[in-house]
Amino acid sequence: MDDKHTIFVCQSCAGNWQDGRQVGNSGGYLLHQELMARLATSPLAQNFEVKAVKCMGACNRPCVVAFAAAGKSTYLFGDLDRTSLAEVSQSILECASLYRRQPDGAMKWSERPERLRKGVIGVVPSVGIPVSI
């Protein structure tokens, strides 16, 4: 649990496009900025880093973030409300805290913050975690 954890934030999410080019700041960019500011004043800063990603391939579910760490499942969340970035960022950090405490990263639906309960796009098991069928 002492390893560095990462929150990936899609930078293409909820962008405005004209003639094949993004115009202005995307919702993902703004979410990334808000999350970085909140993390800087959080005790989680010693265990998490936030990384911007050009695209996470979930364009129909913006805004998108993912939690990842060595030996843990990776969680991909979408449908994050870009109109309430402060609240969404706070929920992301609450979920990050839960993710960090779990040895395999598994997070029960009922334990996740309300804003991240229905937005799961996928859970990818770690290479080191046995997959049960």
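For the numbers below, each heavy atom of this structure counts, side chains included, while hydrogens, waters and symmetry mates do not.
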**Asked** Would a 4.5 Å heavy-atom cut-off, applied to side chains only, mark R82 and P62 as touching?
**Response** yes

**Request:** State, yes or no, whether a side-chain contact exists between L39 and I7 at a heavy-atom distance under 4.5 Å.
**Result:** no

**Prompt:** Minimum heavy-atom separation for A66 to T74, with atom names?
**Reply:** CB-CG2, 4.4 Å

**Message:** Clusters formed by hydrophobic residues whose side-chain heavy atoms approach within less than 4.5 Å: which one holds V53, and what are its other members?
**Reply:** F8, M56, V64, L76, I121

**Exercise: identify the closest heavy-atom pair between C55 and C10** = CA-SG, 3.8 Å

**Contact check, side chains of L44 and S97, non-hydrogen atoms, under 4.5 Å** = yes

**Asked** Partners of A106 by side-chain contact (heavy atoms from CB on, under 4.5 Å), sequence neighbours excluded?
**Response** Y75, D104

**Asked** Is there a side chain to side chain contact (heavy atoms under 4.5 Å, CB included) between L31 and I92 once you walk through the steps?
**Response** CA-CA 10 Å; L31 176 59; I92 290 170; 4.1 Å; yes

**Request:** Would you please name every residue forming a salt bridge (Lys or Arg N to Asp or Glu O under 4.0 Å) with E94, sequence neighbours left out?
**Result:** none

**Message:** Keeping T6 on the side-chain end and E49 on the backbone end, is there a donor-acceptor pair under 3.5 Å?
**Reply:** no

**Message:** So, taking the atom named CZ in R117 and the one named CD in E111, what distance separates them when rounded to the nearest 0.5 Å?
**Reply:** 9.5 Å

**Asked** Just how far is it from atom OG of S73 to atom CD of Q102, taken to the nearest 0.5 Å?
**Response** 11.0 Å

**Message:** Does any part of the side chain of S26, heavy atoms only, come nearer than 4.5 Å to the side chain of C13, both counted from C-beta?
**Reply:** no

**Pairs meeting criterion ring-ring contact (aromatic ring centres under 6.0 Å, His included) with involvement of residues 28-71, two or more places apart** = H5-F48, F67-F77, F67-Y99

**Complete:** The remaining residues in the hydrophobic cluster of W109, counting side-chain heavy-atom contacts under 4.5 Å among Ile, Leu, Val, Met, Phe, Trp and Tyr, are none

**Message:** Show, in sequence, the C-alpha distance, side-chain angles and deciding distance for L35 and L93, and conclude whether the side chain to side chain contact (heavy atoms under 4.5 Å, CB included) test is met.
**Reply:** CA-CA 8 Å; L35 195 53; L93 292 181; 3.9 Å; yes

Side-chain donor-acceptor pairs under 3.5 Å in residues 84-91, sequence neighbours left out?
from, atom 1, to, atom 2, distance (Å)
S84, OG, D81, OD2, 3.2
S84, OG, R115, NH1, 3.3
S89, OG, L85, O, 2.9
Q90, OE1, R38, NH1, 3.3
S91, OG, E87, O, 3.2

**Prompt:** So, does R112 use its side chain to make a donor-acceptor pair with the main chain of M107 at under 3.5 Å?
**Reply:** yes

**Asked** Between OG1 of T41 and CE of M36, what distance do you get to the nearest 0.5 Å?
**Response** 12.0 Å

**Prompt:** Shared ILVMFWY cluster between L80 and V123, side chains joined below 4.5 angstrom?
**Reply:** yes

